Amino acid sequence: MHHIMRKGVITAGLLSSALAMPAWAAKDAVIAVASTFTTMDPYDANDTLSQSVAKAFYQGLFGFDKDMKLQNVLAESYQASSDGLTYTIKLRSGVKFQDGTDFNAEAVKANIDRASNPDNHLKRYNLFKYVASTEAVDPTTVKITLKQPFSAFINNLAHPAAVMISPTALKKYGKDIGFHPVGTGPYEFETWNQTDFVKVKKWDGYWKKGYPKLDSITFRPVVDNNTRAAMLQTGEATFAFPVPFEQAKLLKGNSKLDVVTTPSIMQRYISLNVTQKPFDNPKVREALEYAINREALVKVAFAGYATPATGIVPPAIDFAQTYPAIKYDPAKARELLKEAGFPNGFETTLWSSHNHSTAQKVLQFTQQQLAQVGVKVKVTAMDAGQRAAEVESKGQKESGVRMFYTGWSASTGEADWALTPLFATTSWPPAIFNTAFYSNPQVDKDLGDALKTTDRDQKAKLYKDAQDRIWNDHPWIPLVVEQLLSANNKNLTGFYVMPDTSFNFDEADLK
């Protein structure tokens, strides 16, 4: 039933190979996504999308199901020692990498050793920095010893970055592994045309019998929201995410398509660089929180598919705290600005970490709202390259970041990864993503102590204290928690968007 995908394909020229195939051709799914990919090495990717695509050929020891519940993947079980320092993991046997290398404890050791070595300067080093040593006890048993108790460790191993790469390929390609992925996953990497698409094809040696069900998947970056939606209508795309909220009605009217809404853990916010004037003044930061009408923002930029933020951690994350809604009160904003010594407001910049149309709407809306309280912002919507150069790689002294609109989804499903990378002093860029350059010694202590305890009540208390303090320090303007909107051809089943905005396509099939 695949001829419908051929319509209009010529525009991209990308699927020309598909045109040459016989009519009964393969089950090929085309996934239209919102931005380009940075690398096919998940350990060195800061963006969920690149890690998502890598799920085609890579798997971790653990993972999450579509509701963010922890599951075993290449691991069969694990045990943590009572002092919280040693994790003994039993591995699935009989699994091979796509280059024929055996998956075993030595392969796990090679990956964890690489990930936990700071000299490799991998972007995801922070997930593994507590690892002291990794030992292959026997082919199916690996023992990981930590420098200090870290109670979220298995969640970290389930993060989409924590995948198993063929040790043979790691040796062969070294720093270029990001262009030559070799994993244990259901699909083999076929092509990555940097501006255009990534294509993967079914791997016959996959350990899970009867899988994968698709013959190939093409992930195609389409920055323009409307084009992504149009590709579904013409059959050029089988699945699209994100779908522009304003197109939902139109797509719902097409009997060939399903439009799917899922809850997210994607928190949208504007960080304020608290080390720079005037944002070093807490009154200024608080004023800006009152200046934005979140209900209106939800309608204008998200067409209703979002909820105003109730905290700094989305409600679906373990240990999230909820606070009374920040009301829209421009008069109060102006009053606080006056008290802070800015009766006529000030001028500054507002950057965005993405340049798709939803981000642009948020920028425009925020610009208008802030102008009403005398704050004039010059806006820039960045692409991945600009973001890496201007935001991710610059330290506090040279950083030009002031107000920064972005989002974060904690792909480990718990509070440590929702808080530490964004608020710990050690997470200032270029280390991680604390773009507010926020620093509070008690918050640092709470976050550290929470990882040392395996007592749930104690943990909850520490995470509440940290969130209370951050909430009252106002390093951010918390905006909304998104709902995720995807759409797909009804012939495609088993392809989901997960709450962390990554994909789950283990069961994907086309009829």
Side-chain angles (χ1 to χ4, degrees), residues 245-246 264 266-274 276 278-315 321-340 342-382 401-408 422-423 435-436 438 467 470-483:
F245 302 122
E246 60 278 10
S264 89
M266 173 53 86
Q267 173 96 16
R268 294 281 174 198
Y269 61 92
I270 293 170
S271 65
L272 307 170
N273 184 337
V274 302
Q276 300 293 329
F279 307 112
D280 57 347
N281 185 325
K283 275 193 173 155
V284 168
R285 304 198 296 265
E286 191 180 354
L288 299 181
E289 291 185 355
Y290 287 108
I292 291 167
N293 182 339
R294 288 159 187 73
E295 260 79 16
L297 175 66
V298 164
K299 289 194 186 80
V300 170
F302 299 91
Y305 292 96
T307 51
T310 54
I312 47 172
V313 175
Q321 289 296 317
T322 299
Y323 300 90
I326 302 166
K327 55 186 197 303
Y328 173 54
D329 190 344
K332 173 129 192 186
R334 280 191 291 269
E335 185 188 316
L336 283 163
L337 284 170
K338 194 175 165 184
E339 283 174 31
F342 296 94
N344 307 315
F346 56 88
E347 288 182 25
T348 188
T349 55
L350 168 61
W351 294 350
S352 158
S353 61
H354 290 82
N355 59 359
H356 50 65
S357 46
T358 305
Q360 303 205 16
K361 279 184 190 153
V362 173
L363 289 187
Q364 284 158 5
F365 179 84
T366 306
Q367 187 179 41
Q368 289 159 3
Q369 295 263 285
L370 293 175
Q372 289 171 13
V373 299
V375 175
K376 295 178 201 51
V377 297
K378 204 174 149 204
V379 299
T380 307
M382 298 185 155
V401 79
R402 295 299 179 263
M403 297 182 73
F404 186 56
Y405 169 67
T406 187
W408 184 265
L422 305 178
F423 298 105
T435 50
Y438 174 76
Q467 288 171 79
I470 296 163
W471 186 254
N472 294 321
D473 284 341
H474 313 285
W476 279 9
I477 306 172
L479 296 174
V480 302
V481 175
E482 276 186 31
Q483 288 174 321

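It should be emphasised that the depicted structure is a prediction, and the values quoted were computed from it without experimental measurement. Residue numbers count from 1 along this sequence. Quick note: numbers below take in every heavy atom, side chains included, and nothing from hydrogens, waters or symmetry partners.
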S.K.: Taking side chain as C-beta onward, heavy atoms only, is Val481 less than 4.5 Å from Pro315?
M.R.: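 Side chain of Val481 against side chain of Pro315, heavy atoms only: contact under 4.5 Å found.
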
S.K.: Between the main-chain N or O of Pro478 and the side-chain N or O of Arg294, is there a donor-acceptor pair closer than 3.5 Å?
M.R.: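 Yes.
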
S.K.: Measure from the ring center of Phe279 to the ring center of Phe346 and say whether it is less than 6.0 Å.
M.R.: yes

S.K.: Closest heavy-atom contact between Pro475 and Phe423?
M.R.: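 Distance-wise, the nearest heavy atoms are CG-CE2, 3.9 Å.
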
S.K.: Please find the pair of heavy atoms, one from Tyr438 and one from Val274, that lie closest to each other, and give the distance.
M.R.: CA-CG2, 3.9 Å

S.K.: Between CD of Glu289 and CD1 of Ile326, what distance do you get to the nearest 0.5 Å?
M.R.: 4.5 Å

S.K.: With a 4.5 Å limit on heavy-atom distance, are the side chains of Gln369 and Pro330 in contact?
M.R.: no

S.K.: Using modelled atom types and a 3.5 Å cut-off, is there a donor and acceptor pairing between side-chain atoms of Gln267 and backbone atoms of Gly311?
M.R.: yes

S.K.: Taking the six-membered ring for Trp, are Trp476 and Tyr269 parallel (under 30°), tilted (30 to 60°) or perpendicular (over 60°)?
M.R.: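 Parallel, since the angle between the ring planes stays under 30°.
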
S.K.: Does the side chain of Trp351 reach to within under 4.5 Å of the side chain of Thr406, using non-hydrogen atoms?
M.R.: no

S.K.: Once rounded to the nearest 0.5 Å, what's the spacing between atom NZ of Lys299 and atom CD of Glu295?
M.R.: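 Result: 6.5 Å between the selected atoms.
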
S.K.: To the nearest 0.5 Å, what is the distance between CG on Leu272 and CG on Asp280?
M.R.: 11.5 Å

S.K.: One pair to check against side-chain contact (heavy atoms from CB on, under 4.5 Å): Ile312 and Leu422. What are the steps and the verdict?
M.R.: CA-CA 10 Å; Ile312 47 172; Leu422 305 178; over 6 Å; no

S.K.: Taking ring pair (Phe, Tyr, Trp, His ring centres under 6.0 Å) as the test, write out the residues that go with Tyr328, two or more places apart.
M.R.: none

S.K.: With a 4.5 Å limit on heavy-atom distance, are the side chains of Tyr323 and Gln467 in contact?
M.R.: yes

S.K.: Flag the pair Lys332 / Val373 as yes when at least one side-chain heavy-atom distance between them is below 4.5 Å, and no otherwise.
M.R.: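 Lys332 does not reach Val373 side chain to side chain.
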
S.K.: Give the C-alpha distance, both sets of side-chain angles, the deciding distance and a yes or no for side-chain contact (heavy atoms from CB on, under 4.5 Å) between Asp329 and Glu335.
M.R.: CA-CA 10 Å; Asp329 190 344; Glu335 185 188 316; over 6 Å; no

S.K.: Say you draw a straight line from CG of Asn273 to CZ of Phe404; how long is it, rounded to the nearest 0.5 Å?
M.R.: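 It is 11.5 Å, given to the nearest 0.5 Å.
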
S.K.: To check you understand the geometry: which heavy-atom pair defines the closest contact between Ala359 and Ser352, and what is its length?
M.R.: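 For Ala359 and Ser352, the tightest heavy-atom pair comes out as CB-OG, 3.7 Å.
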
S.K.: Begin from the C-alpha positions of Thr380 and Thr349 and carry the test side-chain contact (heavy atoms from CB on, under 4.5 Å) through to its verdict.
M.R.: CA-CA 8 Å; Thr380 307; Thr349 55; over 6 Å; no

S.K.: Is Arg268 reaching over with its side chain to a backbone N or O of Ala309, donor-acceptor style, under 3.5 angstrom?
M.R.: no

S.K.: Quick one: CG on Leu297 to NZ on Lys361, what's the gap to the nearest 0.5 Å?
M.R.: 11.0 Å

S.K.: Keeping Gln360 on the side-chain end and Asn355 on the backbone end, is there a donor-acceptor pair under 3.5 Å?
M.R.: yes

S.K.: Heavy-atom distance under 4.5 Å between the side chains of Val284 and Phe342, does that happen here?
M.R.: yes

S.K.: Can you name the closest pair of heavy atoms from Pro324 and Trp471 and give their distance?
M.R.: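 Closest approach of Pro324 to Trp471, heavy atoms only: O-CZ2, 4.0 Å.
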
S.K.: For the pair Asn281 (side chain) and Lys283 (backbone), establish whether a donor and an acceptor sit closer than 3.5 Å, ignoring hydrogens and angles.
M.R.: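 Yes, the answer is positive, given that a donor and an acceptor are paired below the 3.5 Å cut-off.
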
S.K.: Check Lys376, Arg402, Lys378 against Thr348 for a side chain to side chain contact (heavy atoms under 4.5 Å, CB included) and give me the one that passes.
M.R.: Arg402

S.K.: Can you name the closest pair of heavy atoms from Thr366 and Val362 and give their distance?
M.R.: OG1-O, 2.7 Å

S.K.: Side chains of Ile270 and Leu350: does their closest heavy-atom pair fall under 4.5 Å?
M.R.: yes

S.K.: Tell me if a side-chain donor or acceptor on Arg285 pairs with a main-chain N or O of Asp473 at a distance below 3.5 Å.
M.R.: yes

S.K.: For Ala325, what residues pass the side-chain contact (heavy atoms from CB on, under 4.5 Å) criterion, not counting sequence neighbours?
M.R.: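 Per chain and number, Ala325 pairs via side-chain contact (heavy atoms from CB on, under 4.5 Å) with no residue.
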
S.K.: Could you check whether any side-chain N or O of Thr310 sits under 3.5 Å from a backbone N or O of Thr322, counting only pairs where one atom can act as donor and the other as acceptor?
M.R.: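 Between the backbone of Thr322 and the side chain of Thr310 there is no qualifying donor-acceptor contact (under 3.5 Å).
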
S.K.: Working to the nearest 0.5 angstrom, can you tell me the gap between Tyr305 OH and Thr358 OG1?
M.R.: 12.5 Å

S.K.: Considering only heavy atoms from C-beta outward, does the side chain of Leu288 approach that of His474 to under 4.5 Å?
M.R.: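 Result no, sub-4.5 Å side-chain heavy-atom pair not found.
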
